[in-house]
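Notes follow once the structure below has been shown.
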Amino acid sequence: MCALLLDLEPGDEVIVPSYTFVSSALAFVRAGAKVVFVDSRPDHPGFDEALLEELITPNTRAIVAVHYAGVACDMDALMALSAKHDLIVIEDAAQAIDSAYKDRPLGGIGHLGCFSFHETKNIHCGEGGMLVINDERFMERSEILWEKGTNRSQFFRGEVNKYGWVDTGSSFLASDISAAVLMAQLESLDIIQKQRLELWHAYDASLRDSNGSFTTPEIPDYATNNAHNYYLVAESKAQRDEMIAFLKSRQIHAVFHYLPLHLSEFYLKYHDVSTLPNAEHYGDCLLRLPFHLSLNTSDVERICQSVLGFVA
Ligand SMILES: *Cc1c(COP(=O)(O)O)cnc(C)c1O
């Protein structure tokens, strides 16, 4: 829906981090735009705000800010940049429910914000999502896109006498059944988040100062922590892969995360970026430890002992 709202034309460019899920780029590519990849920060998998300005051209229309692990991008810097160059900021807040930049909820700062309720997120309904519109310009049309290209919502509000097909659109609505599953979790969000934060802090207490040959997540002062996941960054791909195999031998399912999009087979022919070193580093070296609500803190303790055992 975001990509449709931008009304992209061939030649338009959208800046997207390379270290993210395919969906962050695919929506814009499918709508006809060219994606321009930006590298990650050295200290965080999120994009490096300092690299954005040099990627802006007269064709740039939007910047997609992915809040990796629910940790905010530097939104003040980003919104200032977007105002200067008249660009739309889309927050990919897929992982960022219940997280904030300073005192502002993520997804509520950019012109548009997208949440995911895929089963891998803090709250979920199998498949589903939410588009937050923070800019009045997009209100009317978003409702039409959402109603399969009709002005049905206006009809129900009594604003028009009949409704019909007025624009493009699709069946973007979640079913009532999915919505009910999600609603129950929304009502329990505080409980869910409390448990997730307990697990996160249990991981962090055991691993942060372990002097292990890996780094642990850093949360900048301006960001809150929504305990979306807990990850380590190993020194090398070989070490990361060995750690995954070692944990597997102990029946602990640790996983890597994104393969940087600038290296993906599908998009190679459309861009000429040769290397984005930080994105590649996270692609090679990042590993996520098990994180879900069936874990308790003694499970986390056992997982951490195994991680430390591997390093030793
Ligand atoms: C999960 C995720 C998505 C995709 O969400 P869907 O609900 O599958 O569309 C997009 N971006 C990021 C950063 C994600 O983590």
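In each ligand, atom 1 is the first atom listed, and ligand 1 is the first ligand listed.
Every atom of ligand 1 is numbered from 1 in the order shown, and the set under 4.0 Å from a heavy atom of Gly128 is 7 (O). Close approach of ligand 1 to Ser23 (heavy-atom distance below 4.0 Å) involves ligand atoms 4 (C), 10 (C). Of all atoms in ligand 1, numbered sequentially from 1 with element shown, those under 4.0 Å from a heavy atom of Tyr258 are 13 (C), 15 (O). Ligand-side atoms of ligand 1 in range of Val66: 13 (C), range being under 4.0 angstrom from any heavy atom. With ligand atoms numbered from 1 in the order given, ligand 1 contributes 11 (N) to contacts under 4.0 Å with heavy atoms of Ser24. Short contacts between ligand 1 and Ala94, defined as distances under 4.0 Å to a heavy atom of the residue, involve ligand atoms 2 (C), 3 (C), 10 (C), 11 (N), 12 (C), 14 (C), 15 (O).
When hydrogens are left out, the protein atom nearest atom 7 (O) of ligand 1 is Ser116 OG, 2.6 Å; that is the closest non-hydrogen contact. Among protein heavy atoms, the minimum distance from atom 14 (C) of ligand 1 is reached at Lys121 NZ, 3.1 Å.
Checked against the 6.0 Å centroid threshold, Tyr231 and Phe291 do not count as a close aromatic pair. Here the two rings, on Phe172 and Trp146, have centers that are 6.0 Å apart or farther.
Interatomic distance, Asp299 CG to Leu199 CG, rounded to the nearest 0.5 Å: 8.5 Å. Note that the CG atom of Leu232 and the CG atom of Leu287 stand 5.5 Å from one another [nearest 0.5 Å]. The distance from atom OH of Tyr19 to atom OH of Tyr258, rounded to the nearest 0.5 Å, is 7.5 Å. Gln195 CD to Asn296 CG: the interatomic distance, rounded to the nearest 0.5 Å, is 10.0 Å.
Considering only non-hydrogen atoms, atom 13 (C) of ligand 1 lies nearest to Asp92 out of Asp92, Val22, Leu26.
Between the side chain of His257 and the backbone N or O of Leu286, no donor-acceptor pair lies under 3.5 Å.
Annotation: Gln95 places an N or O atom under 3.5 Å from an N or O atom of ligand 1; distance criterion only.
Between Tyr267 and Phe37, the ring planes are perpendicular. Angles over 60° get that label, and only those under 30° would be called parallel.
Contact annotation: Gly129 has no heavy atom less than 4.0 Å from any atom of ligand 1. Under a 4.0 Å heavy-atom criterion, His67 is not in contact with ligand 1.
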